2 protein chains.
Amino acid sequence: MASPIHQRLREDVLASVFAPDEPLTEAKLTERYGASRTPVREALQRLEQDGLVERRGKAVVVRTHSAEEIIDIYESRIILEQAAAAKAAVKATALDHQLLQALLLKMQQLDPSDGRALAETNRAFHSQLWHATHSPSLIGLLERLDQQVRRYTLTTLTYPGRWPVVLADYAELLAAIGDGDPERAGTIAARHMSDALTIRLKMYAEDPRTL
Amino acid sequence: MASPIHQRLREDVLASVFAPDEPLTEAKLTERYGASRTPVREALQRLEQDGLVERRGKAVVVRTHSAEEIIDIYESRIILEQAAAAKAAVKATALDHQLLQALLLKMQQLDPSDGRALAETNRAFHSQLWHATHSPSLIGLLERLDQQVRRYTLTTLTYPGRWPVVLADYAELLAAIGDGDPERAGTIAARHMSDALTIRLKMYAEDPRTL
DNA sequence: CGGCATACTTATGTATACAATCGTGTACAG
DNA sequence: CTGTACACGATTGTATACATAAGTATGCCG
């Protein structure tokens, strides 16, 4: 399914290699990745369907999201994360729980100033949680949403005082999942994501460029 | 975005023109739609990403879902429909509300035995409701889920006694949306979708082929 | 008679040539 | 000076030829 150039192009887009208004001409990408137009076109099409790029007139450009769009995506994600946490509380296996515990432990030992590591491990934790639902459709929907905003690397994790709260939330969440309490797990997850949105909005208010 | 052959192929897949095990070779589709392999390949790729077809070994075949997968998708949809109804109660404009009312009226005047018309109008109602949220992400997620199971035309709408309940549910839902009551709207939508799942499971228990 | 290796057929993956279209710049007219 | 029309250039859309790999049938060996 995933061709090598599709992956490379996606990573480059997510890493903001291309400017928001820079046209991703097939010729340019052809040269960059050393492949012919056919696989390049296929990769572009996939990214378009994933919502990572869009056609502007004839050209394809990296897709940007307005503050409203990001809020909208966030709100949908709150819904889905709540549902996922609740379902994980019911469906998670002992292995799922142990893997999540291991990730949490790892996060507790990270350097809180290393934003990159924080974001990376945090993503892994979420992904693991999604998989603990054993619900392919939920996983698919959440991955889709996540990917659309992944380019906005400015996470809320480095916001002053946020990281310890995140760790506490996760510990609490795992406890609820361990107890098989879907309602509590869902509530915690919803509050957690809702807080993240609040912080993001605060960050945006302080400096709109951080969007 | 949507090329003509992509649309045609999708419609054919949704209309079960191809057998579940029939390999959709590019040559065959090339001949069927009178285009060359390039656009055919692009269409196949899109349908694959939409979850309508899948690669089995080298060949591409229509994707089928097990009972478990359909239940899983349904459960995710319950979540999203509840969220959408709640959000519509907050965001719907007067025009949205009128359009929904008009659709409901149309449904009330339909012949309850015309399963095809029921399914079609019902889908239109849902779609209109989604759009009343004015949330692109929610709309996108719901459309995605819907498309994945649209091929299983056996809707619950023709189940004995179901249709009047559906109409009553929708009337109640519109009242809640008109009152701007997100909680009530969400509850009604969730119950409605949950009932649909229950009926579907009952139908499946009575005759597993109806899946 | 059965299993495995090998050659062949067929379908997909890739590259490239050709066609069509869109955007742009320029020139001319008002 | 501005607006419009036309022509040219660049880029994407389509078709096809070629390369590669997967699946299959056949024949030989155990």
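Heavy atoms only: backbone and side chains are in, while hydrogens, waters and symmetry mates are out. Just so you know, these numbers come straight off a predicted model, no measurement behind them. Letters A, B, ... mirror the listed sequences (proteins, then strands); counts begin at 1.
- The distance from atom CD of A/Glu42 to atom C1' of C/dT14 is 9 Å, rounded to the nearest whole Å.
- As rounded to whole Å, 13 Å separates atom C1' of D/dG13 from atom CG of A/Leu44.
- A/Leu29 has its CG atom 13 Å from the C1' atom of D/dT12, to the nearest Å.
- Considering only side-chain atoms of B/Ala35, the nucleotide from D/dA15, C/dG13, D/dT11 that sits closest is D/dA15.
- On a pure distance criterion of 3.5 Å, no polar donor-acceptor pair joins the side chain of B/Thr25 and the base of C/dA11.
- Here B/Pro23 pairs with B/Thr25, B/Ala59 under the side chain to side chain contact (heavy atoms under 4.5 Å, CB included) rule; sequence neighbours left out.
- Note: CD (A/Glu26) to C1' (C/dT14) measures 14 Å, nearest angstrom.
- Per the geometry, CD belonging to B/Glu31 stands 17 Å off C1' belonging to D/dT16, to the nearest Å.
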(request) Give the C-alpha distance, both sets of side-chain angles, the deciding distance and a yes or no for salt bridge (charged side-chain N to carboxylate O under 4.0 Å, His left out) between A/Asp96 and A/Lys91. (result) CA-CA 9 Å; A/Asp96 291 325; A/Lys91 299 277 188 178; over 6 Å; no
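- Contact check, B/Ser36 against D/dA15: a side-chain N or O comes under 4.0 Å of OP1 or OP2.
- Spacing between atom CZ of B/Arg41 and atom P of C/dA15 amounts to 12 Å, rounded to whole angstrom units.
- B/Arg77 places no side-chain N or O within 3.5 Å of a backbone atom of B/Leu145 that could act as its donor or acceptor partner.
- A parallel orientation is assigned to the rings of A/Tyr170 and A/Phe125, their planes being inclined by less than 30° (bins at 30° and 60°).
- Between D/dT16 and B/Arg37, no contact under 4.0 Å exists linking OP1 or OP2 to a side-chain N or O.
- Residues satisfying the side chain to side chain contact (heavy atoms under 4.5 Å, CB included) criterion with B/Ser16, sequence neighbours excluded, are B/Arg151.
- Residue B/Arg55 places its side chain closer to C/dT12 than to any other of D/dT11, D/dT16, C/dT12.
- Taking atom CZ of residue B/Arg56 and atom P of nucleotide C/dA11, one finds them 17 Å apart after rounding to whole Å.
- Here the nucleotide nearest the side chain of A/Lys58, chosen from C/dT12, C/dT21, D/dT14, is C/dT21.
- For A/His6 and C/dG13, the NE2 to P distance is 15 Å, given to the nearest whole Å.
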